[in-house]
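Here is the structure we will look at, set down as structure tokens.
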Amino acid sequence: MSDEQMQEALGLPPQEESLFEAPPMAEQERMVEAILFASAEPVSVKELEARLPHGSVVSQALVNLQRRYEGRGVQVTRVGEAWAIRTAPDLGFLMQKETVETRKLSRAAIETLAIVAYHQPVTRAEIEEIRGVSVSRGTVDQLLELEWIRFGRRRMTPGRPVTFVVTQEFLDHFGLENARDLPGLKELRAAGLLDNRPRPGNMPGVTNEDEEEVIEDEDQGDMFEE
Amino acid sequence: MSDEQMQEALGLPPQEESLFEAPPMAEQERMVEAILFASAEPVSVKELEARLPHGSVVSQALVNLQRRYEGRGVQVTRVGEAWAIRTAPDLGFLMQKETVETRKLSRAAIETLAIVAYHQPVTRAEIEEIRGVSVSRGTVDQLLELEWIRFGRRRMTPGRPVTFVVTQEFLDHFGLENARDLPGLKELRAAGLLDNRPRPGNMPGVTNEDEEEVIEDEDQGDMFEE
Amino acid sequence: MADQEFDLEPTRTQSVAERLAAEALIVDVDGFEGPLDLLLTLGRTQKVDLRKISILHLAEQYLEFVEKAKELRIELAADYLVMAAWLAFLKSRLLLPPDPTEEGPSGEELAAHLAFQLERLAAMRDSAAKLMARDQKGRDFFVRGVPENMTRVRRVTYTATLMDLMQAYARIRTKDEFRPFVMDRDSVFTMEQALERMRSMIGFSGTWTELSSYFPIGWDGDAMRKRSATAATFAATLQLAKEGKVELRQGGTFEPIQLRRREAAQDKIKPVENIGPQEVQDE
């Protein structure tokens, strides 16, 4: 397909009518391809737009490129608001050399991660409520260090507790386009299992032993100003 | 093209006759693609052969892959005895992240520019006379670089000094049709633009801020040699 | 919890296998992540869908577990014991007919919430397993092996407006002119003008004369002009006083200001202190 044909097929105005002289779509595709290939980290749509010539239609170039790589050895994948090229998962067996030994996560860490992912934004107290046991500092630290979770906004409830959310790195690591694609999310929601039901009356829960957190939080006030 | 067709086209023996059960050529291509993508270093044919399933024809897969990437944003290139995926040379400019910072023109520069605009063609000596202070090379260079002034005819006086005039670029930037359109002193005054209340420490007649300009000028005698 | 069982039958008919399992649990007490985890594990031995679990039965299983642990002199953490106490309370609530005078949630409500907690924990465990079973970066799929370094280029552009340009020019061209104020000059009487006027007039005023008599002709009509003339003349007077050329006096606040030429003989009178604006100073 020629550039003109492609542009027509995409319902884009012909080049001449464009306000800026954007390169043809095929050229925009090449540019996006080069940038995504060059980066190990996902590249945001915003950054692609900033780096491509004025008037480029990055979203379209991305869709075209993704289609072009379907079934190939590498894939164009979406990671939240960003895009990346990754090897096809079925070829992992060829990559012993590139395989990164990841630290084995404790059961507590894995469960905490899942709770943050499915319940985000979630406070530490809520994680503890779900697991029925207090969350050790080390567990949270490990997940923060892996850059799989980060601090979200403070909850506007007494004590203004911090919340945790999952990161782009989390999505990238588990090959998720966005947090809504978590396996079984819809079913869990439909079953009411993601509801935050208050514990009735005198039921035993987790008594939060680390009160120092409250104090420590005080001087982290500017951490969440975005 | 199907795998069989491709194999036939390449004059390869049909799959069934191969001693080992090598994957189809398209699959070998995917594998080579993934390995080249993920490798930190160029990969030799020997290593590719070791990593691909027995019976794979790596050299052919490489040729196919190279052809497939022709004209794309990245290329399959040979590096000595090894192969790698590299950004297409014409897209190298995309690998730069440019941050543009807009600054206001310095007082010295804007004054010099104004004198050139109002008095063109004007020599450097004349500019200095009007400003009452010497004009640094940097200031003139900056204006030349911005393409707001350029060299005009030499003045037919002793020493044949070069003159400066404003450019079309200048007129475009300031939205003027002609330098003669610039308002005269009387009009400036009537428009209330003659707000020249001297600032403290900057009394009229006092040589202005950039005293180093004078020194700097000493060894710049060659500035006007064309 | 419609199918809540209200008899102790299940405890008595507990199979040998279940008893053995319970004992194995006790040996493994360190392996549990809190009472809820233990309850979930116990619940699984009921071999029913978690939604149909008998909370009463579960409470009894748990209490039995705690009893066994005591017999074996295994020290349980406090929260296990708190849970045991609460489950004992729940059990009594479930078995006794509801007391209408009692406040707080009913036994069924408490049981329902416990069932919800167990189901939610089980769901999260399940989801965690599914998450970890996904293709993972660095294990199943891989990133670019030779990421290219992004060179950062900083470019500076300069800008100026036509206004900047014209103001700059105006600034240069009026540098030599001594006009500190820029306004509509028609209504402005400058101090320089006033000074000039007074220098030529002062020689003739040997007697006290009111300041207003020095105002230029035709400047007392329009309010703005009058104000300007007054200010300029007064400032000029101060300057002259400073120079020692005139004397000033005023009867009181808001009284008219009078002045006269200063004679050489009256040298002892100190000139007025430096009150005038800075610009007034001699060139």
Side-chain angles (χ1 to χ4, degrees), chain A residues 36-41 74-75 77 84-93 95 98-102 105 107-108 110-115 117-119 129-134 169 172-176 182-185 187-188 191-195 197-204 206-207, chain C residues 31-40 50-51 77-87 89-90 103-106 109-114 116-150:
Chain A
L36 292 188
F37 257 93
S39 176
E41 302 294 316
V74 294
Q75 296 180 346
T77 57
I85 295 183
R86 301 284 179 252
T87 63
D90 67 307
L91 299 178
F93 71 96
M95 310 291 175
E98 278 76 30
T99 304
V100 197
E101 261 325 306
T102 38
L105 285 178
R107 184 170 141 190
I110 293 168
E111 280 181 26
T112 302
L113 177 65
I115 292 168
Y118 284 84
H119 290 262
E129 165 76 20
I130 294 169
R131 295 197 63 227
V133 61
S134 61
E169 175 57 29
D172 189 23
H173 186 92
F174 292 98
L176 293 161
L182 285 163
L185 185 71
E187 293 80 351
L188 290 176
L193 289 171
L194 301 183
D195 298 350
R197 282 195 215 171
R199 186 169 4 126
N202 57 358
M203 236 170 135
V206 180
T207 41
Chain C
F32 291 105
E33 298 223 7
L36 210 55
D37 183 30
L38 172 59
L39 275 169
L40 188 58
L50 270 181
R51 285 171 180 266
D79 47 348
Y80 288 86
L81 300 176
V82 171
M83 180 59 90
W86 185 79
L87 286 172
F89 161 79
L90 176 64
E103 284 181 27
S106 71
E109 280 168 341
L110 292 174
H113 189 78
L114 182 59
F116 166 72
Q117 282 183 301
L118 292 177
E119 201 187 342
R120 184 173 61 180
L121 180 59
M124 277 303 113
R125 294 243 163 106
D126 199 35
S127 299
K130 278 188 201 153
L131 189 65
M132 297 316 281
R134 285 186 70 86
D135 290 329
Q136 290 184 40
K137 188 170 81 176
R139 190 187 75 183
D140 305 293
F141 62 89
F142 297 84
V143 306
R144 180 75 164 132
V146 266
E148 279 170 56
N149 281 333
M150 197 72 78

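All chains are named by letter (A, B, ...) in the order of the sequence lines, taking the proteins before the strands, and each is independently numbered beginning at 1.
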- Find the distance between CG (Asp140(C)) and CG (Leu91(A)) and round it off to the nearest 0.5 Å. 11.0 Å

- Using a cut-off of under 4.5 Å for heavy-atom pairs, which of Gly138(C), Gly145(C), Gly34(C) has the most such pairs with chain A? Gly138(C)

- Message: If I measure from the heavy atoms of chain C, does Tyr118(A) come under 4.5 Å with its side chain, its backbone, both, or neither?
- Response: side chain

- Note on the structure: For Phe141(C) and Gly175(A), the nearest pair of non-hydrogen atoms, with its separation, is CZ-N, 3.8 Å

- Message: Between His119(A) and Met124(C), is there a side-chain heavy-atom distance shorter than 4.5 Å?
- Response: yes

- Go through Leu110(C), Val146(C), Val143(C) and name the one with the most non-hydrogen pairs under 4.5 angstrom from chain A. Val143(C)

- Query: Can we say Arg86(A) and Asp135(C) salt-bridge, meaning some charged N sits less than 4.0 Å from an Asp/Glu carboxylate O?
  - Reply: no

- Which pair of heavy atoms, one from Pro35(C) and one from Gly132(A), lies closest together, and at what distance? CD-O, 4.1 Å

- Query: CZ of Arg197(A) to CZ of Arg120(C): how many Å apart, nearest 0.5 Å?
  - Reply: 8.5 Å

- Message: Please rank His113(C), Met83(C), Lys130(C) by heavy-atom pairs under 4.5 Å with chain A and give me the top one.
- Response: His113(C)

- Query: Excluding sequence neighbours, so at least two apart, what forms side-chain hydrogen bond (donor to acceptor under 3.5 Å, both in side chains) with Gln75(A)?
  - Reply: none

- Message: Between Ser127(C) (side chain only) and Ala114(A) (backbone N and O only), is there a donor and an acceptor less than 3.5 Å apart?
- Response: no

- Item | Value rounded to 0.5 Å, distance of CG in Leu105(A) from CE in Met132(C) | 5.0 Å

- Item | side chain to side chain donor-acceptor pair (under 3.5 Å), paired with His173(A), selected from Lys137(C), Gln136(C), Arg139(C) | Gln136(C)

- Task: Go through the steps to decide whether Leu36(C) and Val133(A) satisfy the test side-chain contact (heavy atoms from CB on, under 4.5 Å), and finish with yes or no.
- Result: CA-CA 8 Å; Leu36(C) 210 55; Val133(A) 61; over 6 Å; no

- Task: Flag the one option from Asp172(A), Leu185(A), Ile115(A), Leu194(A) with the top tally of heavy-atom pairs under 4.5 Å to chain C.
- Result: Asp172(A)

- All ring-ring contact (aromatic ring centres under 6.0 Å, His included) counterparts of Phe37(A), not counting sequence neighbours: Phe37(B)

- Item | Engaged part of Leu114(C) at the chain A interface, taking heavy atoms whose separation is under 4.5 Å | both

- Task: Determine the option with the most heavy-atom pairs under 4.5 angstrom with chain C, choosing from Arg107(A), Glu98(A), Glu41(A).
- Result: Arg107(A)

- For Ala84(A), is it the side chain, the backbone, both, or neither that has a heavy atom closer than 4.5 Å to a heavy atom of chain C? neither

- Query: Between atom CG of Leu193(A) and atom CD of Gln117(C), what is the distance when rounded to the nearest 0.5 Å?
  - Reply: 12.0 Å

- Item | Flag side-chain contact, heavy atom, 4.5 Å: Val74(A) against Arg144(C) | no

- Item | Straight-line distance of Leu188(A) CG to Asp126(C) CG, nearest 0.5 Å | 8.0 Å

- Message: Does any backbone or side-chain atom of Leu36(A) lie under 4.5 Å from a heavy atom of chain C? Answer side chain, backbone, both or neither.
- Response: neither

